[in-house]
Amino acid sequence: MNIHEYQAKQLFASYGIAVPEGYAAHSADEFVTALAHFPDGPIVVKSQIHAGGRGKGAFTNGLQGGVKLAQSKAQARELASKMLGNTLVTRQTGPEGRKVQTVYFDCAAAIKKEYYLAVLLDRASARPTIIASTEGGTSIEEVAAKTPEKIVKIHIDPSLGLQDYQKRKIAFALGFKGDLLKQFGKLVTGLYQLFWEKDCSIVEVNPLITTLDDKLVALDAKVGFDDNALFRHPEISALRDLAEEDPKEIEASKYGLSYIALDGSIACLVNGAGLAMSTMDIIKYYGGDPANFLDVGGSASKDAVAAAFKIILGDSHVKGILVNIFGGIMDCDIIAQGIVEAVKETSLKLPLVVRLEGNNVINGKKTLANSGLPIISGNDMSDAAQKIVALVKET
Ligand code: ADP
Ligand code: MG
């Protein structure tokens with residue numbers, strides 16, 4: 001789960017990490033109350049969406065930049081009105097962009113230099129890892145591609161936590177001395193503590209800045225959480241913004257389905273995460289592209305199968321469906337009945353290939369064959385994958 005910058009900055013502040021003073025507004029009325037906190041003068045107006053690259057993004061209404069410096073309160077209000085309710089397109093949103101539903105007014109900082117600092121889970125080393133660079137403000141992927149020597153990485157042993165020598169190593173790499181070294185030690189300690197205590201998957205500050213009077217401040221804040229640990233943090237779950245999430249994924253979670261939308265054209269409906277992964281692989285292997293990951297679980301009901309069909313068909317990129325079910329706990333005939341019902345209910349026009357195997361498979365196949373519906377049977381996984389790829393290519 002991701003949260004907005006303004007929420008992440010509140011978390012930062014609660015861990016003693018310096019952030020500019022700022023106020024969020026969700027409506028034009030709230031602009032007035034939020035701006036009342038500021039003296040008249042420069043204010044940074046920041047669109048709140050769950051995507052980065054806002055500074056260099058553009059609104060579909062012509063406004064350039066999702067992060068803008070206003071010279072006065074009046075100008076801040078004017079800029080905020082052009083952002084709120086409008087669509088911002090950045091390199092992370094895709095061409096459809098995101099509708100801005102919250103605007104954040106941030107005290108304008110006098111920037112001396114921008115840095116990059118993040119704590120994330122490095123899956124290769126299976127450790128929390130700190131990544132830092134003197135090249136802040138830009139995309140870290142670009143720094144990694146062009147000047148990898150400007151990135152430092154420190155792996156942390158979770159049983160020991162972040163050690164003082166590791167803090168110094170990063171600070172020296174960033175060129176901090178004297179009081180800045182002290183400030184950095186405090187800041188990175190807070191960041192790691194936040195990462196650890198709240199079960200984060202990432203805590204990223206880009207840019208971390210030094211101000212003209214040598215204060216270290218987090219100017220941007222991105223925090224992502226491990227969904228599997230959210231049950232331990234009701235206060236974090238409360239920060240969830242459903243408007244930022246794919247409605248299909250929200251619908252899926254209501255039925256206990258794991259659904260993740262992808263860019264391809266072949267929808268998959270599978271039971272079990274491992275089988276779902278290998279189904280996506282085999283579609284790719286035969287030259288197709290999966291439109292989603294969808295695991296209906298080990299013991300899905302007829303209703304869950306029907307719901308899964310509707311979610312899949314809500315994606316306009318889908319040109320064909322592959323159902324791949326291994327009936328271990330599940331009865332293949334129940335699944336077949338669910339499929340027949342769903343096909344009738346949605347008056348499915350797209351090609352559908354079904355591969356069933358396992359418990360009560362003979363009756364399951366009979367149910368499909370006797371339905372009178374144009375459902376194509378796959379003999380095994382590779383036969384089913386080849387059939388759906390060929391059918392989608394034809395259309
Ligand atoms: P994004 O990463 O989505 O583009 P940022 O919050 O990093 O958004 O803002 C983009 C740039 O705007 C920053 O790199 C920084 O130069 C500037 N900026 C952001 N917030 C402030 C602020 N409070 N004061 C001064 N400059 C800011
Ligand atoms: Mg940023």
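In each ligand, atom 1 is the first atom listed, and ligand 1 is the first ligand listed.
With Asp295 contributing its side chain and Gly272 its backbone, the two residues share a donor-acceptor pair below 3.5 Å.
Within the 4.0 Å heavy-atom criterion, neither part of Leu69 lies near ligand 1.
Checked against the 6.0 Å centroid threshold, Tyr115 and Phe176 count as a close aromatic pair. Remark: aromatic rings of Tyr23 and Phe38 are close, center separation under 6.0 Å.
Counting only heavy atoms of the protein, atom 4 (O) of ligand 1 lies nearest to Gly55 N, 2.7 Å. Here the protein heavy atom with the shortest distance to atom 7 (O) of ligand 1 is Asp220 OD2, 3.0 Å. For atom 11 (C) of ligand 1, the nearest protein heavy atom (residue, atom name, distance) is Val67 CG1, 4.6 Å. The shortest contact between atom 22 (C) of ligand 1 and any protein heavy atom is with Val44 CG2, 3.5 Å. Among all non-hydrogen protein atoms, the one lying nearest atom 23 (N) of ligand 1 is Cys107 O, 3.0 Å. In terms of protein heavy atoms, atom 18 (N) of ligand 1 is closest to Leu219 CD2, 3.9 Å. Taking atom 8 (O) of ligand 1 as the reference point, the nearest protein heavy-atom neighbour is Arg54 NH2, 3.1 Å. Looking only at protein heavy atoms, the nearest one to atom 16 (O) of ligand 1 is Glu114 OE2, 2.6 Å.
Taking 2.8 Å as the limit, the number of protein N, O or S atoms around the Mg ion (ligand 2) is 2.
In terms of polar-atom proximity, Glu5 is not counted as a contact of ligand 1, lacking any N or O under 3.5 Å from an N or O of the ligand. Looking at Gly52 next to ligand 1, no N or O pair under 3.5 Å apart turns up. Considering backbone and side-chain N/O atoms, Ala108 never comes within less than 3.5 Å of an N/O atom of ligand 1.
One distance of note links CD1 of Ile335 with CG of Asn360; it measures 11.5 Å at 0.5 Å rounding.
Looking at Lys310 and Glu251, no side-chain N of the basic residue comes within less than 4.0 Å of a carboxylate O on the acidic one, giving no salt bridge.
If you number the atoms of ligand 1 from 1 as listed, the ones under 4.0 Å from a heavy atom of Ile111 come out as 16 (O), 26 (N). Ligand 1 places these atoms under 4.0 Å from at least one heavy atom of Pro207: 7 (O), 13 (C), 14 (O). Which parts of ligand 1 touch Asn206 is read off a 4.0 Å heavy-atom cut-off, strictly below it: atoms 7 (O). Remark: ligand 1 atoms within the under-4.0 Å shell around heavy atoms of Asp106 are 23 (N).
Note on ligand 1: Lys46 sits in its first shell, one or more heavy atoms being nearer than 4.0 Å.
Of the N and O atoms on the side chains of Asp29 and Ser27, not one donor lies less than 3.5 Å from an acceptor on the other residue. Asp241 and His50 share no donor-acceptor pair across their side chains, judged by distance under 3.5 Å alone. When only modelled atom types and interatomic distance are considered, Tyr15 and Glu197 share a side-chain donor-acceptor pair under 3.5 Å. Inspection of the His317 and Ser265 side chains reveals no N or O donor paired with an N or O acceptor under 3.5 Å.
The shortest side-chain heavy-atom distance between Val323 and Ile321 falls under the 4.5 Å cut-off.
Applying the salt bridge (Lys or Arg N to Asp or Glu O under 4.0 Å) rule to pairs touching residues 107-123 yields Lys112-Asp214, sequence neighbours excluded.
In the hydrophobic cluster analysis, where Ile, Leu, Val, Met, Phe, Trp and Tyr join through side-chain heavy atoms closer than 4.5 angstrom, Val205 is grouped apart from Ile140.
Of the options Gln48, His4, His26, a side-chain hydrogen bond (donor to acceptor under 3.5 Å, both in side chains) to Thr102 is made by His26 and by none of the others.
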Would you please test Ile325 and Arg355 for side chain to side chain contact (heavy atoms under 4.5 Å, CB included) and show each step? CA-CA 6 Å; Ile325 298 286; Arg355 179 255 181 169; over 6 Å; no
